[in-house]
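Some notes on the structure that comes next.
Because the structure is a prediction, the values reported are computed rather than measured. Every chain is numbered from 1 and lettered A, B, ... according to where its sequence line falls, protein lines coming before strand lines.
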Amino acid sequence: MPDETVAARAPTGTHDVLWPESARWEHLVAGFAARVEAAGFGLAVTPLIEDVRVFRRGIGEGSDVVGKEMYELEDRGGRRLALRPEGTAPVVRAFVQHRPPLPWKAWYVTPAFRYERPQAGRYRQHHQLGVEALGTGDPDLDVEVIALADGFFRSLGLVGFEARINSMGDAACRPGYAALVAAHLRARQDQLCPEHAGRWEANPLRVLDCKKPGCVAATEDAPRFLDHLCDACAAHFARVTDGLRSVGVPYRLAHRLVRGFDYYTRTTFEFSAEHLDAAQNGIGGGGRYDGLVEQLGGPATPGIGFGIGVERLLLACDAEGVFPVDPPRPHAFVVDVTGGAEARDLSIALRGAGFRVERAFDGRSMKAQLKAADRSGAAVALIVGPDELAAGTVTVRPLRAGGDQRQVARDQVAEALRSAIPAAHAVDGSRRGGAGEERHHDEELT
RNA sequence: GUGGCCGUAGCUCAGUUGGUUAGAGCGCCAGGUUGUGGCCCUGGAGGUCGGGGGUUCAAGUCCCCUCGGUCACCCCA
């Protein structure tokens, strides 16, 4: 049957973010940018598409994300490309390509694509905020990065979340530990869940992450990586936990925390929100990836980073009732019942002077325009009728605060506006959880 | 990818054992008030009943398929 109309609907698992919800996004990104830039991270914008090998080699052929969930495509030139399923590999690829001076610290905000069945807090296109720091293996950097995520969450007003950390060791100690776990599992094969019963040998550490009762029981008293780290990894981890305690970032050791990407080494961590359903409660995660740069063809360079899921973070905020939406409102709404030319000229002039100004179109009635002005949330209405037009004046009518309306000369409207706008209107974002820098109206005018 | 539940105006929903022109609230537009928003009153616009096929004299109501949403598993942000 022929499709006669375009399917006006976002593809499965994708979604639109429109006003006023998008105001939260703006604020979230601005707040994140302010915090990470204060810590020396600079914005990195890299292509949405990459050679598939960037992800295959970086994330790992065996991971679910690469094996089953990547959006892959071939362009007209026969190149094998993939839509990024995560944010780290592309940034590291850019690092390898450009070799900026070390240490190099970058942040990003990006869509990420994974072909999975959507459900609450899980999308085929979701969005991530993240940072990557390359060029130093100093454990103090691990502390900084974890503290950055923790501080960002707290800046939104979130309290019901927890940082769980673990160490994945390195090339020196991971094989030995994996062998220990494998030996442990071999004696308990019959307890494993159906999924892992047949494939625990390929990657024994994955079993630690399984939430099925059987696997949980089988691994309950499994050897812990923290007890089997090599001296260097153990010292690194100790420095990280010391640092977290010193700077006051609460954390919990998570012996079973095994992240899904192959590139992680040493410190790994996840932030989980307690008010979200257990299935999708991860609001952020990351870790150290000291071998990734080499994997992508660069010189041996340590690195660490994290990604935060925007949609899930917002869900967590909703669950706690924090980070409310408070979109910017117009300072003034021009009501013109003389044809619209006055509204046109006045609103454009006032915007040029730094005010947020709205107006109505299509020559609607004064009542309709004032109604629109009220709904817009504008602090004042600037009314131009035949009388004002003749007198060269504008009626300034407060809509939110008290006080009487008054007429002022056209060339004094800006001045009158300044004094007529209540503080609540003049400060952009003062009631939005404090995540962003606050832009004061007065500063915009200078 | 597997399974459960759901799909009626922009939104939230009602639609009696299948039976005349499919309803409400909110929102939107207009009027009541030929210069004044919020409250109130009146009226109006707006619906392929997700889509397709089938059963029937008759389908929003039943059946099949399909698309979409949602929840769980898997995995992750």
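Minimum atom distance to the side chain of A/Thr12 is reached by B/G69, of the listed B/G69, B/U36, B/C75. When each of B/G35, B/G1, B/A77 is scored by its nearest atom to the side-chain atoms of A/Gln128, the top-ranked nucleotide is B/A77. Checking B/G68, B/G38, B/U36 against the side-chain heavy atoms of A/Asp374 singles out B/G38 as nearest.
No hydrogens or angles were tested; on distance alone, a donor-acceptor pair under 3.5 Å links the side chain of A/Glu116 to the base of B/A77.
When each of A/Gly284 and A/Thr14 is assigned the nucleotide of RNA chain B with its nearest heavy atom, A/Thr14 is the one assigned upstream, toward the 5' end.
A perpendicular orientation is assigned to the rings of A/Phe306 and A/Phe32, their planes being inclined by more than 60° (bins at 30° and 60°). Between A/Phe113 and A/Tyr71, the two ring planes are perpendicular [angle over 60°; tilted spans 30° to 60°].
Taking atom C1' in both B/C6 and B/U21, one finds a spacing of 29 Å when rounded to whole Å. The gap from the P atom of B/G15 to that of B/G50 amounts to 15 Å, rounded to the nearest Å. Comparing the P positions of B/G37 and B/G51 gives an interatomic distance of 42 Å, to the nearest angstrom.
When the C1' atom of B/A77 is taken as reference, atom NE2 of A/His15 falls 11 Å away, rounded to whole Å.
Where pairing requires Watson-Crick or G-U contacts shorter than 3.5 Å, the helical stems of RNA chain B with at least three consecutive pairs are B:1-7 with B:67-73, B:10-13 with B:23-26, B:28-32 with B:40-44, B:50-54 with B:62-66.
Shown here are the ring-ring contact (aromatic ring centres under 6.0 Å, His included) partners of A/Tyr263, two or more places apart in sequence or in another chain: A/Phe261, A/Tyr289. The side chain to side chain contact (heavy atoms under 4.5 Å, CB included) test applied to A/Thr241 returns A/Ile165, A/Phe237, A/Arg245, A/Tyr251, A/Leu253, not counting sequence neighbours.
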If the sugar-phosphate is the primed atoms plus P, OP1 and OP2 and the base is the rest, what is the B/S/- string for nucleotides 3-11 of chain B, using protein heavy atoms under 4.0 Å? B--------
Protein and nucleotides 27-29 of chain B: nitrogen or oxygen contacts under 3.5 angstrom:
from  : atom 1 : to       : atom 2 : distance (Å)
B/C28 : OP1    : A/Arg375 : NE     : 3.2
B/C28 : OP1    : A/Arg375 : NH1    : 3.0
B/C29 : OP1    : A/Arg364 : NH2    : 3.0
B/C29 : OP1    : A/Arg375 : NH2    : 3.4

Can you list, pair by pair, the side-chain donor-acceptor contacts under 3.5 Å of residues 103-111 of chain A, counting residues two or more places apart and other chains?
from     : atom 1 : to      : atom 2 : distance (Å)
A/Lys105 : NZ     : A/Ala39 : O      : 2.8
A/Trp107 : NE1    : A/Glu37 : OE2    : 3.0
A/Thr110 : OG1    : A/Arg84 : NH1    : 2.7

